[in-house]
Protein chains: 2
Amino acid sequence: MSGRQGGRPTLEQVAARAGVGRGTVSRVINGSPRVSEQARRAVARAVAELGYVPNQAARALAGSRTDAIALVIPEAEARLFAEPYFLDLIRGVSAELADADRQLLLTLVRSEQERQRFEQYLAAQRVDGVLLASVHGDDPLPDRIRELGIPVVMNGRRSEAEPVPYVDTDNIGAGRAAVAHLVARGRDRIATVTGPLDMYVARARLGGYMAGLAEAGRIPDNSLVSAGDFTEEGGRRAMRGLLDRRPDLDAVFVASDVMAAGARGVLREAGRRVPHDVALVGVDDSPVARLMDPPLTSVRQPIEEMGRTMARMLLREIAGTPEEPRRRVLPTELVVRDSCRAVSGS
Amino acid sequence: MSGRQGGRPTLEQVAARAGVGRGTVSRVINGSPRVSEQARRAVARAVAELGYVPNQAARALAGSRTDAIALVIPEAEARLFAEPYFLDLIRGVSAELADADRQLLLTLVRSEQERQRFEQYLAAQRVDGVLLASVHGDDPLPDRIRELGIPVVMNGRRSEAEPVPYVDTDNIGAGRAAVAHLVARGRDRIATVTGPLDMYVARARLGGYMAGLAEAGRIPDNSLVSAGDFTEEGGRRAMRGLLDRRPDLDAVFVASDVMAAGARGVLREAGRRVPHDVALVGVDDSPVARLMDPPLTSVRQPIEEMGRTMARMLLREIAGTPEEPRRRVLPTELVVRDSCRAVSGS
DNA sequence: CAACGACGTGGGAGCGCTCCCATCAGGGGG
DNA sequence: CCCCCTGATGGGAGCGCTCCCACGTCGTTG
C-alpha cells in the first residue's frame with residue numbers, strides 16, 4: 001500500500017512530506033494540543049501515505065520509557081496452580097495493557113538465579129513497571145524493585161501488613177463463606193485442609209475458616225485442621241490424616257480445588273459418600289470443580305478482574321498519579337454445587 | 001553495592017574507569033574475540049564496580065535488534081483450551097528464550113482489530129521474530145508477517161502443505177494409536193468426535209482415526225463420525241448425536257479431553273458405563289483426564305517440548321542460520337488409563 | 001633491513017526519537 | 001502606535017549504544 005523504499009519511514013521523512021518540522025510531527029504523533037488543526041491534518045495524511053510507525057527503540061532511548069511492563073511468575077507456582085489461574089490472570093493483565101497500548105513482557109522465573117537475572121532486565125530499563133505474582137512470605141524481591149525506583153504491584157500479599165501495593169482477593173471472606181454454608185447445611189464437624197502456611201493466602205483462608213466457626217458459635221478444634229500444599233497429592237495426604245484423627249468429620253473446607261480433588265479420591269477409597277457422609281467445599285471454581293463427581297461447591301475468585309486491576313494500578317503508578325487505595329481486596333463468591341447437599345434426614 | 005550517582009552508568013563511564021575506549025568496552029560486553037586479555041579484565045572489573053548494565057533501548061536503536069520475540073495467542077483459543085495447553089507452551093518457549101537471554105513478549109489477541117494493531121508492533125520493530133499459536137485454516141497473518149521480512153514459526157499448521165516453518169504434533173499418529181488401542185481391546189464399533197474441521201489439527205486427528213480403522217481392516221462409517229468444536233458442550237452435543245444414530249457403538253475416540261468430559265457426562269446420563277459399555281480415548285492428557293471417573297486414556301502431546309522447539313527454530317531463523325527441516329512433527333504417546341479396559345467376557 | 005600483515009584499539013558517525021529553546025506571527029492592552 | 005504575551009513552529013542537542021574506519025604496534029617475511 002505504501003512506499004517502502006529501503007527501510008521504514010522516519011519522523012524526518014514524514015515531516016518533509018507534510019511540509020512541517022520534525023517537532024511538529026512528534027507533537028502530532030504524541031497528541032500534544034499545541035498544534036494547529038492544519039498542521040495536524042497535513043501530518044496525519046503524510047503518516048497514512050507513508051505508513052509511518054514510530055520506532056519503539058528510538059522512542060525508548062530518547063524518552064526513557066518503554067511502554068512495556070513485566071509480569072513475573074515463579075515457574076514452580078505455574079506448575080502448581082496448573083489450573084487456569086495464571087492464564088486468567090494473564091488474560092486480565094493483557095486486556096488492560098492492550099487498551100492502554102502497552103506491551104506485556106512475560107517472565108517465568110525458574111530459579112533464584114533467574115530472579116537475579118531479572119534484576120538485570122530491570123536495570124537495563126526494559127520495562128516501565130513490574131507486576132509480581134505469587135509472592136511468598138519472605139520474598140525480598142518486591143522491596144528490591146521498589147528500591148530501584150521501579151513501580152510494582154503484586155498479586156496477593158506477603159503478610160497482613162504489606163507495604164507494597166497489591167491486589168488480593170478476600171481469602172478470609174472465602175473461608176467464612178464456605179464454613180457458613182456448611183453450617184447452614186447442618187454440618188457439625190467441619191474440618192479444613194489448608195495450603196502451605198508460609199503463604200499468606202493459606203493463612204488467610206484458614207483464618208476465615210476459624211472466623212466462620214466462631215461466628216456460628218463453634219469452637220475450632222486443631223484435630224480438624226490439616227496442612228496441605230496446594231497439590232493434589234498434598235490434598236490426599238492431608239485428607240488421610242484428617243480421617244485418621246477424626247473419622248467422625250462430616251464436612252471439609254479444602255483451600256483449593258486441586259487439593260479437593262485429591263481429598264475426594266481419599267474419601268471415595270475410605271467409603272465415604274460425598275455429599276452424603278462428607279460435604280466438600282473447595283476454592284478457585286476451576287474446571288476441575290465442575291468436572292468432579294459430584295460437582296464441587298467452590299469459592300470463586302475474580303482472577304481476571306485481579307489482573308485488570310493490577311495492570312490499571314500499575315499504569316497509574318507509572319504515570320505518577322497513584323490510585324488510592326494502593327491495596328485492594330476483591331470479593332469472592334460461593335458457587336454452590338452438589339458436593340454439599342444438606343444432611344439427609346435432618 | 002555500587003556508585004549510583006544520578007542514573008545508571010553508561011558505556012562511556014565504564015570505558016573511562018577501565019582506561020580504555022568505548023569501542024573496546026563494547027567489544028568486551030558483546031564477547032568479541034578481538035580484545036586483549038588485559039583489556040578484557042580491566043573492563044570486566046569496571047563493569048562490576050559500576051554495576052553496569054547495557055541500556056536495551058540504545059542497543060536496539062543502534063543495532064536494530066531487540067532481543068525480544070513475540071508469542072501471539074488468539075484469546076478465543078486461550079479460553080477454549082482452558083486446559084494448561086498454552087501455559088505449557090509458554091513454559092517451553094520461555095525456558096528456551098531465557099537460556100538464550102531473550103525476552104518474551106506475550107500478545108493475547110482478542111479481535112481482528114487487535115491483530116491489526118499487532119502488525120503495527122511489528123512495524124515498530126519491537127521484536128526480532130514471532131511465534132504464532134493456534135492458526136486457523138485460512139489465516140493470512142503468517143504470510144503477512146513473512147512479507148514484512150520478520151521470521152515466524154507457527155505452532156501447528158494450516159494445512160498439509162504449510163509453507164511457513166512450524167512445529168506440530170503427530171495428530172495423525174494420535175488418531176491411529178487411539179484406534180489401534182481400542183481395536184486391541186476388542187472394540188468393534190468405534191466412533192469419533194472430531195474438532196472443528198476448519199482446523200487442520202482436527203482434520204488430522206480424524207484422518208488418523210480413519211487410517212487406524214483401515215489398518216485394522218475396518219471400513220470407516222460416516223454414521224460413527226460426529227463433529228465437535230473442542231468445547232465440553234460441543235462434546236456433549238456430538239456424543240448425543242452419535243448415540244442417536246448408533247446406539248450400538250462401543251468405543252469413542254474423542255479429539256480432546258475437554259470434549260471427552262462432555263461426552264462422558266452424556267454417556268452417564270444415557271446409562272452407558274465407561275469403560276464397560278463404551279470405551280473412551282481423549283487427546284491432550286490434561287489434568288481433566290486424570291480426574292475423570294474413570295480416569296481417561298488419552299494421547300499425550302509434548303506441548304512444552306513444542307514450545308522449546310519453536311523458540312529454538314525461531315532463534316535460528318533470526319540468526320540467519322535456519323535449522324532444517326523447517327517443519328517439525330513431534331511424536332505423541334498414548335497414556336493408558338481405565339476408560340478403555342478390554343471388553344468384558346471376551 | 002624494509003615492507004607488510006595481523007592484531008588491538010580509539011573514537012567518529014550515526015540509529016530515530018523527545019525535549020526544549022529560540023523564533024516568529026498575531027492580537028490585545030497601555 | 002508600540003510592546004508584550006500567547007500560541008505555533010523549526011530544529012539543535014542529546015539519549016547510549018553499535019558499526020566501522022583509521023591508526024598504531026608488533027612480529028613476520030622476502
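Every value quoted in this text rests on a predicted model; they were computed, and no experiment measured them. Here is the naming used below: chain letters follow the sequence lines, and residue numbers restart at 1 for every chain.
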Review point. Looking only at side chains, do A:Arg157 and A:Tyr166 share a donor and an acceptor under 3.5 Å apart?
Key: yes
Revision key, fill the gap. Separation of D:dA8 atom P from A:Gln38 atom CD, nearest Å, is 12 Å
Check your understanding: For nucleotides 15-28 of chain C, read 5' to 3', which letter fits each nucleotide if B means a protein heavy atom sits under 4.0 Å from the base, S means only the sugar-phosphate is that close, and - means neither?
Key -> BBBB-B--------
Practice item. Please confirm whether the backbone N or O of B:Val164 pairs with a side-chain atom of B:Glu162, one donor and one acceptor, at under 3.5 Å? Key: yes
Practice item. Name the nucleic acid region contacted by A:Ala60, choosing base, sugar-phosphate or nothing; use a 4.0 angstrom heavy-atom cut-off, strictly under. Key: nothing
Point to revise | B:Gln113, CD atom: more than 12 neighbouring heavy atoms under 6.0 Å | key: no
Check your understanding: Just checking, any donor-acceptor pair under 3.5 angstrom between side chains of B:Arg328 and B:Thr309?
Key -> no
Practice item. Answer yes or no: does a side-chain N or O of B:Ser36 lie under 4.0 Å from OP1 or OP2 of C:dT9? Key: yes
Check your understanding: If you measure only the distance, is there a donor-acceptor pair under 3.5 Å linking the side chains of A:Asn55 and B:Arg126?
Key -> no
